[in-house]
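Report on the structure given below.
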Amino acid sequence: LDPENMLGAVNNKQEKTDFLNYFYKHCMHVLIGPLLANTVNDKPEREDSCSVQLLSLILELLTFCVEHHTYHIKNYILHKDLLRRILVLMKSRHTFLVLGALRFMRKIIALKDEFYNRYIMKGNLFAPVIDALVKNNGRYNMMDSAICEMFEHIRSEDIKSLSSHVVENYGQIVDKVLYVNTFKALRKKYEQRQGRSEGHKSQPQTKTDN
């Protein structure tokens, strides 16, 4: 699945494109089949060890694809609403699977691609992440760290569309999370932007005489 490792790939971009076109048309649905079958409803259908190990491997491959197959995987995720299905795994009782779903979303956010950002906002896809944060109830563990780090990345990279979306839609919830500074800082930055925007609007128009 790493097209950079194809023989002669340096000189043959067409071959890479042909391979990825073929893979996404004929093979990807087979790879994600178990994932789709297990996320039909709002929580995972099967939680036996064999199923969750398989799902974890599929997530790892999909996360790799997000990083290395940018155009093809993006079209696939947007058309199949794949992130929504993956975030169903946030309700798994297996922490490593929850973390795998979070890593996948974090990899998407790291790309700072507005197509992805609009998809996340339109689908309200932060909801399962916020739910998991609330359910964790401030316990210091890997899940809490991973969720807070994702929002800290949004803040530190100043991804304006996502940070505004978080404050406007989940502000009442995340404002209560005080054990990290991230959400307070997101709110502050948001209000500064709103203030600048309002200030800009309210500036009087000055007329100059010739």
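Quick note: numbers below take in every heavy atom, side chains included, and nothing from hydrogens, waters or symmetry partners. Note that the coordinates shown come from a computational prediction; the quantities given were computed from them, not determined experimentally.
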- Taking only residues two or more places apart in sequence or in another chain, which ones pass side-chain hydrogen bond (donor to acceptor under 3.5 Å, both in side chains) with Lys188? none
- Item | Any Glu168 side-chain heavy atom under 4.5 Å of Tyr190 side chain | yes
- Note on the structure: In short, ring-ring contact (aromatic ring centres under 6.0 Å, His included) pairs touching residues 141-163 with sequence neighbours left out are Phe126-Phe151, Phe151-Phe183
- Residues Cys65 and Ile73: closest non-hydrogen pair is O-CG2, 3.4 Å
- Side chain proximity check, Pro44 to Lys91, heavy atoms < 4.5 angstrom: yes
- Please list, chain by chain and in numerical order, all residues satisfying side-chain hydrogen bond (donor to acceptor under 3.5 Å, both in side chains) with Asn38, sequence neighbours excluded. none
- Donor-acceptor under 3.5 Å (Arg155 side chain, Leu186 main chain): no
- Task: Grab the two heavy atoms, one from Gly100 and one from Leu59, that are nearest each other, plus how far apart they are.
- Result: C-CD1, 3.6 Å
- Do Thr39 and Glu45 get their side chains close enough for a donor-acceptor pair, meaning under 3.5 Å? no
- Query: For Glu67, which residues count as a salt bridge (Lys or Arg N to Asp or Glu O under 4.0 Å) partner, sequence neighbours excluded?
  - Reply: Lys107
- Query: Between His72 and Phe23, is the gap from one ring center to the other below 6.0 Å?
  - Reply: no
- Does the side chain of Val174 come within less than 4.5 Å of Val167's, by heavy atoms? no
- Message: The test is side chain to side chain contact (heavy atoms under 4.5 Å, CB included); show your working for Val88 and Asp42 and say whether it passes.
- Response: CA-CA 6 Å; Val88 169; Asp42 65 348; 5.8 Å; no
- Could you walk me through whether Thr17 and Asn21 pass the side chain to side chain contact (heavy atoms under 4.5 Å, CB included) test, one step at a time? CA-CA 6 Å; Thr17 304; Asn21 285 340; 3.6 Å; yes
- Task: Using side-chain hydrogen bond (donor to acceptor under 3.5 Å, both in side chains) as the criterion, list what pairs up with Glu149, not counting sequence neighbours.
- Result: Arg106
- Query: Side chains of Ile159 and Ser161: does their closest heavy-atom pair fall under 4.5 Å?
  - Reply: yes
- Answer yes or no: is there a side-chain heavy-atom contact under 4.5 Å between Leu178 and Lys184? no
- Query: salt bridge (charged side-chain N to carboxylate O under 4.0 Å, His left out) between Asp158 and Arg193: does it pass, once the steps are laid out?
  - Reply: CA-CA 11 Å; Asp158 199 19; Arg193 272 201 306 273; 3.5 Å; yes
- Does the Asn169 side chain pair with the main chain of His165, one donor and one acceptor, at a distance under 3.5 Å? yes
- Query: Of all heavy-atom pairs between Lys74 and Tyr116, which one has the smallest distance, and what is that distance?
  - Reply: CA-OH, 3.2 Å
Could you go through residues 130-137 and list every donor-acceptor pair under 3.5 Å that involves a side-chain atom there, pairing it with any protein atom two or more places apart or in another chain?
| from | atom 1 | to | atom 2 | distance (Å) |
| --- | --- | --- | --- | --- |
| Asn136 | OD1 | Asn141 | ND2 | 2.8 |
| Asn136 | ND2 | Arg139 | O | 2.8 |
| Asn136 | ND2 | Asn141 | OD1 | 3.3 |

- Look only at the side chain of Tyr119 and the backbone of Leu83, and say whether a donor-acceptor pair between them is shorter than 3.5 Å. yes
- Query: In this structure, are over 12 heavy atoms from other groups packed under 6.0 Å from Glu60 atom CD?
  - Reply: no
- Query: Is any side-chain heavy atom of Phe104 less than 4.5 Å from a side-chain heavy atom of Leu89?
  - Reply: no
- Closest non-hydrogen atom pair, Leu1 against His69: O-NE2, 2.6 Å
- Task: Considering non-hydrogen atoms only, spot the tightest contact between Met105 and Ile120 and give its length.
- Result: CE-CG2, 4.0 Å
- Side-chain donor or acceptor of Ser56 paired with backbone N/O of Val52 under 3.5 Å: no
- Task: Test side chain to side chain donor-acceptor pair (under 3.5 Å) on Asp144 and Tyr179 and set out the steps.
- Result: CA-CA 11 Å; Asp144 188 76; Tyr179 54 89; 2.6 Å; yes
- Message: Is it the case that over 12 heavy atoms from other parts of the model lie below 6.0 angstrom from the CZ atom of Arg118?
- Response: yes
- Indicate yes or no: at least one non-hydrogen side-chain atom of Asn117 is less than 4.5 angstrom from one of Ile108. no
- Are Leu57 and Val98 linked, directly or through other ILVMFWY residues, by side chains that come within less than 4.5 angstrom of each other? no
- Test side chain to side chain contact (heavy atoms under 4.5 Å, CB included) applied to Tyr76 and Lys25, step by step: CA-CA 10 Å; Tyr76 204 87; Lys25 189 173 181 182; over 6 Å; no
- Task: State plainly whether one hydrophobic cluster holds both Leu111 and Leu102, where clusters connect Ile, Leu, Val, Met, Phe, Trp and Tyr through side-chain heavy atoms under 4.5 angstrom apart.
- Result: yes
- Task: Would you indicate whether Gln172, at its atom CD, is surrounded by more than 12 heavy atoms from other residues, nucleotides or ligands within a distance under 6.0 Å?
- Result: no
- Minimal non-hydrogen separation, Ser163 against Ile154, with atom names: N-CG2, 3.8 Å
- Query: Taking C-beta and beyond as the side chain, do Leu35 and Ile86 meet within less than 4.5 Å on heavy atoms?
  - Reply: yes
- Message: Tell me whether Val40 shares a hydrophobic cluster with Ile32, the cluster being built from Ile, Leu, Val, Met, Phe, Trp, Tyr side chains joined at under 4.5 Å.
- Response: no
- Message: Check whether Asp113 reaches the backbone of Phe115 with its side chain - one donor and one acceptor, N or O, closer than 3.5 Å.
- Response: yes
- Query: Looking only at atom types and distance, does a side-chain atom of Ser51 sit under 3.5 Å from a main-chain N or O of Glu47, one as donor and one as acceptor?
  - Reply: no
- Message: Would you say the ring centers of Phe64 and His68 fall short of 6.0 Å from each other?
- Response: yes
- Could you tell me whether Lys16 and Asp18 have a side-chain N and a carboxylate O separated by less than 4.0 Å? no
- Query: Do His29 side-chain atoms and Tyr24 backbone N/O form a donor-acceptor pair below 3.5 Å?
  - Reply: no
